[in-house]
Every structure is written in structure tokens, then in C-alpha cells.
Number of protein chains: 2
Amino acid sequence: MELDDTDLRILKMIQGDAKFPLEKMADILRIPKSTIAYRIKKMEKSGIIRGYFTSIDPSSIKLDYVIISLVKAKYGKDYHDILGKKLSELPGVWGVYFVLGDNDFIVMGRYKTREDFMKNYLERLMDMPEIERTNTQVVAKTIKETPYVVIENILNPDNK
Amino acid sequence: MELDDTDLRILKMIQGDAKFPLEKMADILRIPKSTIAYRIKKMEKSGIIRGYFTSIDPSSIKLDYVIISLVKAKYGKDYHDILGKKLSELPGVWGVYFVLGDNDFIVMGRYKTREDFMKNYLERLMDMPEIERTNTQVVAKTIKETPYVVIENILNPDNK
DNA sequence: TCTGAAATCAGAATGGT
DNA sequence: ACCATTCTGATTTCAGA
């Protein structure tokens, strides 16, 4: 499905506020709210809109031990497929990226304590025979984390 | 603010579906919907709930060039502060983590093309005098990306 | 802090263009 | 595909426990 400028403007308004009222959008874009509703439904059906989520402050539920791991798999396609799956099923892991370069996987996770991290992450990682080596880094500070913000500049010439 | 079991159950329901109806929650938890509303409002005010977001499929808007950078700053506190800020202001960057270990920053970004990436990210990175060295990896496949899912197992004994 | 009922408002459904 | 109207149901408000 092709997105026109109106679709992008709608997406920009709802990406940071899932409950942005149709009426306000209608006022801003100067088109009827039933049209906005119609377009949003279409984007939901086509998979452009993947869902509506609530962002919860991780530290409010004591998830203060944030880690990022660089993982190198042993050579062979099977190893990669199996390892990718295994990593993404670890408790606390919210991101797994298969990358080209020195490493194979970059893994993002959140844990309550060092003990929680050791038990539920690191020890399980040690048990994976598909791994060649790992390098895990502790996040001292999250400076920015806005994974849902995708549309930054609507008037980007590349969109034309 | 202290979260009890009911709060956590509410959060678990809305984290993956911001529009989960109060009435359904009331049925499941067997408490009145006005109480659910009251508790959600409280969590919004106290900052536990940071907002409601729409997840947009990045590839639907042609953001197919996904990168992760490892950045090492030159020594000195000022360098770190300035660099963290500069990195988080780069277009396309959605995540910046200050980490302990071999690197100082891990930077997550999304771009339309290699050219877009070169122009808006890499070339600007090259211009930052605070940087000692960088190592940028291209994401071949995003295996998992669920940053909003924070509460995995409500019945975790650690919560008690 | 919690609850029930009433009032308000937003979103879904409809049908016509 | 678009839009005006109608209808349904979810959220907000408020008084009382």
C-alpha cells in the first residue's frame, strides 16, 4: 500500500500519542474525521500500523540493570538460526539484531539486579554451544530510547 | 509510588494494547471499571506510565537501512556529556546508551538508504571531534524488537 | 482510596456520493 | 475512496462510602 502525505501526517500525530483524538486530527488536516478513521483502519489492516502500546518506565518496576550484548556465533547457517531464536527467547531480552560486521548478534535486555541478570541471562548464555564468544556491556545511562518514533520529518524531500 | 499486584496486572494488559477497554479489565480483575480508571490515572500522573504509542512498521516507510554503532569517546567528562547529546540529536537515531566496557556509547538508528545513512549519520559522526573511534554495524535482520514489553511474568517471586 | 451511576465524548458503523 | 450522519460503547466525572 502506498502512503500519501495525509497518511504520513496522521502517522506522525499518532506515533507519539496513540490516543490522539480523530476530531483534533480532522481539525488540523481539515478533512472529516470519518476519513481519518477510514485511513487509520486501512493502515491497521495492511500492517503499516502494528499496534498501540503503553510505555512503562522500566525503573518504576525496578528494572535497573540494563545490558547490551555482542554475540559471535560459531560458523554455519544452522548455528545462526538456532542462536537467534534462543537469544530472543531469553527472559528480559527485548531486542535481538543480526548484524554484519565483527559480531553476529546484538542483544538488548533489562533485569532487576545483577543476580537476576546472572541467573536469567548470563548463565543461560554460557550454556549455548552455538556461541563462539560474547561481550556484554552494562548500560550506565539510557540517554535516548524512542523506538516508536519513526517519522521525523514529514516534509522530507525523499518522500516525494 | 508503590505498585501492587493489581497495578502490575493492569500494566501487563495495556502494555501490548493501549486501547484495551476498561470494561474487559474490570471483568478479568473483578473490580469496577472506575477503579481501573482511577489507578491508571494515578500511574500516568506518577510517571510510571510514560505514554501511549503507535508502532509503525519501519519498512513500510522505507526505513530499511538499520544500523547499530559502537562509539568510543576521547577521555574526559565533558566529551562524554557533549557527545551523548550530539549523538542523540542526529536524525534517524532512536536510541543512545552510555555503557561501561570497551565502548562508551551504543547508538541505534534507521535510514532509508545507504546514501541517507552516509549523509545524515556517518558523515556527521566523522565531524565530531569528541570521538576517539567508531564501529558501525548494519542490521541484516531484526529478530526481535519489543521495547515496550517490560512486564513479562507478573507472578515473578521477586515482586513479593 | 475506592465505587456506582450518570453524563459526556470518542470511535465504529452505515449508507450515500 | 471519501464523507455526513447515526449509533454504540468507552471514558470521565462526581457524589458517597
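Chain letters run A, B, ... following the sequence lines, proteins first, then strands; residues in each count from 1.
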**Prompt:** CG of A/Leu22 versus P of D/dA4: gap in Å, rounded?
**Reply:** 14 Å
**Message:** I want to verify a distance call: between D/dT12, C/dG11, D/dC3, whose nearest atom is closest to the A/Pro32 side chain?
**Reply:** D/dC3
**Request:** Give the nucleotide from the list C/dT3, C/dA12, C/dC2 with an atom nearest to the side chain of B/Arg39.
**Result:** C/dC2
**Salt bridge flag under 4.0 Å for residues A/Lys19 and B/Glu44** = no
**Asked** Closest to the B/Tyr38 side chain: C/dT1, C/dT3, D/dT5?
**Response** C/dT1
**Request:** For the residue pair B/Gln15 and B/Tyr148, establish whether any side-chain heavy-atom pair is separated by less than 4.5 Å.
**Result:** no
**Message:** Among D/dA4, C/dG11, C/dG4, which nucleotide has an atom closest to any side-chain atom of B/Ser34?
**Reply:** C/dG4
**Prompt:** Using 30° and 60° as the class limits, which term best fits the ring planes of B/His80 and B/Phe98: parallel, tilted or perpendicular?
**Reply:** perpendicular
**Item:** Residues, nucleotides or ligands: over 12 heavy atoms within 6.0 Å of B/Phe20 CZ
**Value:** yes
**Asked** Quick one: which of D/dA10, C/dG11, C/dT3 gets closest to the side chain of B/Ile31?
**Response** C/dT3
**Item:** For atom CD1 of B/Ile14 and atom P of D/dA10, their distance in whole Å
**Value:** 16 Å
**Complete:** Ranking C/dT3, D/dC2, D/dT12 by distance to the side chain of A/Thr35, first place goes to D/dC2
**Request:** Under 4.0 Å between any heavy atoms, over every strand shown, what does B/Lys19 touch: base, sugar-phosphate, or nothing? Just pick one.
**Result:** nothing
**Separation of atom CZ in A/Phe20 from atom P in C/dG11, rounded to whole Å** = 11 Å
**Message:** Salt bridge check, A/Asp81 against A/Lys85: does any charged N sit closer than 4.0 Å to a carboxylate O?
**Reply:** no
**Request:** Check the distance between D/dT12's C1' and B/Lys41's NZ and give it to me in whole angstrom.
**Result:** 8 Å
**Fill in**
note: B/Ile36, atom CD1; D/dG9, atom P; distance rounded to Å ~ 19 Å
**Prompt:** Please give, in whole Å, the distance from D/dA10 P to B/Glu23 CD?
**Reply:** 6 Å
**Request:** Write down the distance between NZ (A/Lys42) and P (D/dC3), rounded to a whole number of angstrom.
**Result:** 12 Å
**Message:** Between B/Lys33 and D/dA10, is there a contact of a side-chain N or O with OP1 or OP2 at under 4.0 Å?
**Reply:** no
